[in-house]
Amino acid sequence: MKEDLPDLTRRILETYQSIGKINHLGHCPLPSLNSVIEIVDDLKEVLFPGYRRRQNLHAGNVAFHVGNLIDALHDSLTQQIARALRHEHDLRHDTECGAGNDIDFEALGQAKAVQFLSRLPKVRGLLASDVQAAYDGDPAATSLDEIIFCYPGVEAITVQRLAHELYELRVPIIPRMMTEWAHGRTGIDIHPGARIGPSFFIDHGTGVVIGETCDIASHVTIYQGVTLGALSFPRDANGNIIRGKKRHPTIEDHVVIYANATVLGGDTVVGAGSAIGASVSLMKSVPPKTVVTVEKPNLKFRER
Amino acid sequence: MKEDLPDLTRRILETYQSIGKINHLGHCPLPSLNSVIEIVDDLKEVLFPGYRRRQNLHAGNVAFHVGNLIDALHDSLTQQIARALRHEHDLRHDTECGAGNDIDFEALGQAKAVQFLSRLPKVRGLLASDVQAAYDGDPAATSLDEIIFCYPGVEAITVQRLAHELYELRVPIIPRMMTEWAHGRTGIDIHPGARIGPSFFIDHGTGVVIGETCDIASHVTIYQGVTLGALSFPRDANGNIIRGKKRHPTIEDHVVIYANATVLGGDTVVGAGSAIGASVSLMKSVPPKTVVTVEKPNLKFRER
Amino acid sequence: MKEDLPDLTRRILETYQSIGKINHLGHCPLPSLNSVIEIVDDLKEVLFPGYRRRQNLHAGNVAFHVGNLIDALHDSLTQQIARALRHEHDLRHDTECGAGNDIDFEALGQAKAVQFLSRLPKVRGLLASDVQAAYDGDPAATSLDEIIFCYPGVEAITVQRLAHELYELRVPIIPRMMTEWAHGRTGIDIHPGARIGPSFFIDHGTGVVIGETCDIASHVTIYQGVTLGALSFPRDANGNIIRGKKRHPTIEDHVVIYANATVLGGDTVVGAGSAIGASVSLMKSVPPKTVVTVEKPNLKFRER
């Protein structure tokens, strides 16, 4: 039996030629998922100091701790972004290792890494508004600390706000690696492309899907199972999907969307101050201050 | 570029003053999320010996293994509970490190830790009833072992039953850290406050939400996507949410709630032996032995 | 307080007798969940080389890397399958450590391990079709690499296709350990027994449940929250569930099932080329090329 293994290994290796689309062999590595996860973890330590890894942070040592983290983040972000940029170049030009040009991917990666890090103060401001929105919106919350420690909605929006900055800086692939990692941990799937204003609160959150081209204003609250999705995908003459069009809804200020509701379509606008009831499926715009509910429960009661 | 990092770090450090709500700097650490997760892991090793970390447990060595675990749990629970109690004191009295009083948080923490550990035999009895209920209720289950190893519903109720004992002992913040960790791993969000009787079975479970003030009796079965939630939140004259009222439903013995059903409201009682059909949205009480279904599917069929 | 611990430990140990169903004490270990998870991780490294753990894989070193992995997989699969087989024997015959017979569980485990490993080239072919189906079906996808790195649907189907081969080889318990681990990471619950054709795509995926006796043909697309489930469970004269009957639906080629739809029942067949709309609850067969939608949204709009 064990003597079959070399032949079996050879048969597997052959599939790296015959089924070549799902392996990456070559001298230029892809971004590393593990490194990207470590980057996210380090970023959360910078954003919420005292809550996560390092205990006993105080005025006397926090500068060293954060200085160290930023230095390490600079290096690893530079490396991973450079890999992502070179890989995107190879995909577009069908080259290997960025050949046939003299682009300095390392320098491009470093520039984007520093631009990204310089946006962290802005991101902290947004996250503080999100944490406060969770406290104001959930009667089960006992303190801001509980929310920072535990709430999956805060975890998901933290990672998405970071990924969104990289997305805006046109860093390929890494933003999606980040948000899908958060999706796995929280059940909340927010595409890095979604534009989301301050004071955003997702309660419970499992099953939430927020598509790439959503526009969400400020003070919006969303419950578990809500989809902000696409109605249909435009296709070209060959039947291939056209990528990059606005296909997800716009949600204005102070809207609440209750559990398992679905709002679909790139032209759909939910006006400011509206409330979308549980399990509503909405595919058209509603004016400001509209309450949408399912008309009658249509329930049948009988004895068992 | 790299020479920008010190200035960039300084700008981040400044936000720890200007946006001070989401950092914890000081000489009194918060409870540690990692320590709490390790505590849960050790507790599961005590509750289900032979299934998890340690292999080859038998009558001759199990006493040493469990004795060691209980000893370590005593110490780490004492430390973490003391931190949580001191932190709660600081929040209430706007003090730092429990100053301005002579409360011995360590001693209080130890007392609660020992009380908690003494309830583990009771919790084991409840969990045995839950595992049996899963076997009796799921035709895909092949053995109790499979259920203990794999079923997310068992994982979620195990952590919730532990967290609920701490909640009853008025330990702050740690119970929620435990259940939200289980939520992340299973997609099942059960608040530590929910009171749940024996023989509880959640099948599949992703998307289940069970609120803080739910009362669930014995032999209740719940499927994926079910919400036992609040209808609305009472607010005080200033528009702030009033915390602590019963706002989630009561489910009596031998009730089954099928996938994606929603039962809302603190006054809603589902009578014993009732069945709530898939996707039903129920906001009022039903007497015992009631079957509730969506009246007609309202489906439209056409050729593509 | 601390002097209470020995007595407290003794009371817990007593429950291993009085509540004996949820502990496994004895000289024959169960399969190890941690080992099974490591096996899945190694298998993914073989299936998608260059994307996961090892960086800088190329034609000159990939044979060593994969050869090493296959060798280690052979050994750990043999050990874990042998444990699972011996455990199943003990359950059936109420023996301990496979006593009362001369079955060589190690040899049986090895045979199944080698048979399983020899199916990896076939599994790679199926997974390549799944990755391509994701690219063809999702306008947000920018490359095959992004899909392999990030998509939870690919993670879930990868683990299920591996677990399904072990299920077909009648390996007990381990397949379910694998798929429930993927369920925890993705929110997608596919039973190892489900038979799934090539080019299968699950988008977003949180809350998807696919039952044990589902038959899914090729080019099927499923969105988040979809349940392919059982209508009811047949019970024998004693009220015990009858296990092993076909109780989940059959989905033919090129069917799309949109978010939160539910298709139930072992006799339910969704004909080729059909589309099942969002939130539809279907409990009967539909002919090929049928579009099923919820008849009218039944929404009520009012001003706030």
Side-chain angles (χ1 to χ4, degrees), chain B residues 46-53 55-59 62-63 66-67 70-71 74 110-111 114 117-118 120-121 124-125 127-128 131-132 136-140 142-146 148-152 155 185-187 204 206-207 224-225 259-260 278-279 294 297-304, chain C residues 1-2 4-6 8-9 11-16 19 21-27 29-30 32-34 87 91 172-173 176-177 180 183-184 187 189 191 206-207 209 211-212 225 227 229-230 233 241-243 247 260 262 273-275 280-282 286 289-296 298:
Chain B
V46 171
L47 292 168
F48 300 110
Y51 285 95
R52 302 186 62 83
R53 296 196 311 237
Q55 309 278 309
N56 291 313
L57 277 180
H58 51 74
V62 68
V66 173
I70 293 295
D71 192 65
H74 167 273
Q110 190 187 27
V114 172
L117 290 171
S118 73
L120 291 181
R124 274 202 97 228
L127 292 174
V131 170
Q132 186 65 49
D136 294 341
D138 180 10
T142 59
S143 68
L144 297 184
D145 304 304
E146 187 182 61
I148 297 169
F149 269 127
C150 314
Y151 274 43
E155 170 84 8
R185 289 167 57 95
T186 64
H204 307 300
T206 307
Q224 70 271 19
N260 303 316
S279 301
V294 177
N298 255 344
L299 297 182
K300 189 170 147 188
F301 300 84
R302 62 178 175 83
E303 217 180 316
R304 201 170 191 172
Chain C
M1 304 290 285
K2 186 133 187 174
D4 297 343
L5 295 186
L8 201 154
T9 300
R11 283 177 45 228
I12 293 170
L13 290 166
E14 280 170 6
T15 70
Y16 298 163
I19 310 164
K21 290 187 305 188
I22 60 171
N23 42 254
H24 180 84
L25 302 178
H27 292 274
L30 294 169
S32 153
L33 186 54
N34 287 338
H87 175 61
L91 275 180
I173 213 165
R176 189 72 186 272
M177 291 165 87
E180 284 296 345
H183 179 195
D189 179 358
H191 195 285
T206 307
V209 175
E212 183 177 13
T227 295
F233 308 147
I241 282 176
I242 301 170
R243 295 166 201 273
R247 55 194 190 282
N260 304 315
T262 301
S274 293
V280 162
S281 181
L282 184 71
V286 297
K289 300 205 173 180
T290 308
V291 177
V292 186
T293 51
V294 177
E295 199 174 298
K296 33 177 179 172
N298 254 344

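Given the structure is predicted, the values throughout are model-derived calculations rather than measurements. Order of the sequence lines sets the chain letters (A, B, ...), proteins ahead of strands, with each chain counted from 1.
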Just do the side-chain hydrogen bond (donor to acceptor under 3.5 Å, both in side chains) check on C:His87 and B:Asp145 with the steps written out, would you?
-> CA-CA 10 Å; C:His87 175 61; B:Asp145 304 304; 2.6 Å; yes
Would you check if C:Asn260 and B:Asn260 make a side-chain contact, meaning some heavy-atom pair closer than 4.5 Å?
-> no
Okay, B:Gln224 and chain C: the region with an atom under 4.5 Å from a heavy atom over there is side chain
Which atoms of C:His27 come close to chain B, meaning under 4.5 Å heavy atom to heavy atom: side chain ones, backbone ones, both, or neither?
-> both
For chain B, which of C:Asp4, C:Thr293, C:Ile173 has the most heavy-atom pairs under 4.5 Å?
-> C:Thr293
Return the option, out of B:Gly207, B:Pro152, B:Gly67, with the maximum number of heavy-atom pairs under 4.5 Å with chain C.
-> B:Pro152
Heavy-atom contact with chain B under 4.5 Å, split by part of C:Leu30 = both
Of B:Thr186, B:Val131, B:Val62, B:Leu120, the largest count of non-hydrogen pairs under 4.5 angstrom with chain C goes to B:Val62
Distance-only, no hydrogens or angles: does the B:Asp138 side chain make a donor-acceptor pair with backbone N or O of B:Ala140 under 3.5 Å?
-> yes
Interchain contact, B:Asp136 with chain C, by part (heavy-atom threshold 4.5 Å) = backbone
Between C:Leu8 and chain B, which part of the residue has a heavy atom less than 4.5 Å away: side chain, backbone, both or neither?
-> side chain
Among the options B:Pro121, B:Ala111, B:Ala59, pick out the one with the most heavy-atom pairs lying under 4.5 Å from chain C.
-> B:Pro121
To the nearest 0.5 Å, tell me how far B:Phe149 CZ sits from C:Leu33 CG.
-> 6.5 Å
Which answer fits B:Ser279, side chain, backbone, both or neither, if we ask what part of it has an atom under 4.5 Å from a heavy atom of chain C?
-> neither
Under 4.5 Å heavy-atom distance to chain B, tell me which part of C:Val292 shows up: side chain, backbone, both or neither.
-> both
Picking from C:Pro6, C:Gly229, C:Pro172, C:Pro29, which has the most non-hydrogen pairs under 4.5 angstrom with chain B?
-> C:Pro29
Partners of B:Thr206 by side chain to side chain contact (heavy atoms under 4.5 Å, CB included), sequence neighbours excluded?
-> A:Thr206, C:His183, C:Thr206
Name the region of B:His204, side chain, backbone, both or neither, that has any atom closer than 4.5 Å to a heavy atom of chain C.
-> both
Check whether any side-chain heavy atom of C:His24 lies under 4.5 Å from a side-chain heavy atom of B:Leu57, and answer yes or no.
-> no
Do C:Val209 and C:His191 pass the side-chain contact (heavy atoms from CB on, under 4.5 Å) test, and can you show the C-alpha distance, the side-chain angles, and the key distance before you say yes or no?
-> CA-CA 8 Å; C:Val209 175; C:His191 195 285; over 6 Å; no
Largest heavy-atom contact set with chain B, pairs under 4.5 Å, which of C:Ile22, C:Leu25, C:Ile19 = C:Ile22
Do B:Arg124 side-chain atoms and C:Ile12 backbone N/O form a donor-acceptor pair below 3.5 Å?
-> no
Relative to chain C, which segment of B:Ala278 carries a heavy atom at a distance below 4.5 Å: side chain, backbone, both, or neither?
-> neither
Tell me, please, which residues at least two apart from B:Glu146 pass salt bridge (charged side-chain N to carboxylate O under 4.0 Å, His left out).
-> C:Arg176
